Novice: 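The following block contains the structure, expressed as structure tokens.
As the structure is a prediction and not an experimental result, all values here were calculated from the model. Only heavy atoms go into these numbers, but all of them, side chains included; no hydrogens, no water, no symmetry mates.
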Amino acid sequence: MTNLMLLNNIDHMDLRVITRHGPRYGDAVNQALVFPTEFDELQREYPIFFRRDANGQLQSVVLLGLDRDENLFLDGDAWQARYVPAVHRRGPFSIGVQQGSAEPMIHVDVAHPRISRTEGEPLFLPAGGNAPYLQQITRTLGALYEGLDASKAMFAVFERLELIEPVAVGIRLDETVEYDVPGLLTIDQERLARLAGADLEQVHQSGLLRLAHSVMSSLGNIGRLIELKNRKRATA
């Protein structure tokens, strides 16, 4: 049950946010929603794919695990990667637009399990200014807000140029254990390589060519998933 409120330094002066990770904070998932504004960092850590949501809309995800509710990057209360996807860094915060205003404002879910008054990072300084953690959250939410528009623009071009194709992800751990991850899409490398003229200029000038290459290069991280999964099996 959520309880969203417009964040302010009067009502929420004493709020703190627990920043460790774990299942109780929503981190036990095998895929995470991501955005083009993060691709540069993500492609160094995770395999990036596309998928369609329940309404058929394209979205970007990273693969975190192979079994249901499995995040292989969780180790105790720590996330073992150099970069954590923004949706998992934002914690109890979101951006919303108040009635009568076009400016996006930060909202906080005061019922979120990360919210505390006794432990964690403070949101405000004693004098009322934003604490460093809240400044960090503001940047994260800004990237997510920009990422929503960037995703729409990216997929509009990728679909028009027919650059997205289904991909069969089969991961074999040994002679008896194999995983097939359904419903994933990726960049059609052959069609991308054949782009020319105005189409090639558009994807290059808009930065979409770099994003496409980030998606393709990220697939090398599947090997790390296999390594993490085998390590988990060995210690189970």
Novice: Anything under 30° is parallel, anything over 60° is perpendicular, the rest tilted; go ahead and classify W79 against H88.
Specialist: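 Ring orientation of W79 relative to H88: tilted.
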Novice: Whether the side chain of D77 engages the backbone of H21 through a donor-acceptor N/O pair (distance < 3.5 Å, no angle test) should be reported.
Specialist: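 No; zero donor-acceptor contacts below 3.5 Å.
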Novice: Check this for me: does any side-chain nitrogen of one of D75 and R231 sit under 4.0 Å from a carboxylate oxygen of the other?
Specialist: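 Salt bridge flag = no for R231 with D75.
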Novice: Is it the case that over 12 heavy atoms from other parts of the model lie below 6.0 angstrom from the CD atom of Q189?
Specialist: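 At most 12 heavy atoms, drawn from other residues, nucleotides or ligands, come within 6.0 Å of this atom.
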Novice: Does the salt bridge (charged side-chain N to carboxylate O under 4.0 Å, His left out) test come out yes or no for E159 and R52, once each step is laid out?
Specialist: CA-CA 13 Å; E159 284 201 285; R52 293 191 183 274; 3.0 Å; yes
Novice: Do the side chains of V17 and I106 join up, straight or via other hydrophobic residues, at under 4.5 Å, putting them in one cluster?
Specialist: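 Yes, one cluster joins them.
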Novice: Main chain of I18, side chain of R114: is a donor-acceptor contact present, judged purely on distance under 3.5 Å?
Specialist: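 Yes, because the side chain of R114 sits within donor-acceptor range (under 3.5 Å) of the backbone of I18.
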Novice: Between R224 and E45 (salt bridge meaning N to carboxylate O under 4.0 Å), is one present in this structure?
Specialist: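 Salt bridge flag = yes for E45 with R224.
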Novice: Looking only at heavy atoms, which two atoms of Y25 and P113 are closest? And how far apart?
Specialist: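 So the two residues come closest at CE2-O, 3.7 Å.
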Novice: Count I, L, V, M, F, W, Y as connected when their side-chain heavy atoms are under 4.5 Å apart, and connections chain through other members. Are I187 and L58 then in the same cluster?
Specialist: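 Hydrophobic grouping puts I187 with L58.
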Novice: Spell out, as yes or no, whether a donor-acceptor pair under 3.5 Å connects the side chain of R191 to the backbone of E165.
Specialist: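 It does not hold such a pair.
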Novice: Checking side chain to side chain donor-acceptor pair (under 3.5 Å) between T140 and each of R89, Q135, R90, which is the one that passes?
Specialist: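 Considering R89, Q135, R90, a side chain to side chain donor-acceptor pair (under 3.5 Å) with T140 is found only for R89.
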Novice: Going only through I, L, V, M, F, W and Y residues with side-chain contacts under 4.5 Å, is there a path from V61 to V87?
Specialist: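 V61 and V87: separate clusters.
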Novice: More than 12 foreign heavy atoms under 6.0 Å from CZ of R160: is that the case here?
Specialist: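 More than 12 heavy atoms, drawn from other residues, nucleotides or ligands, come within 6.0 Å of this atom.
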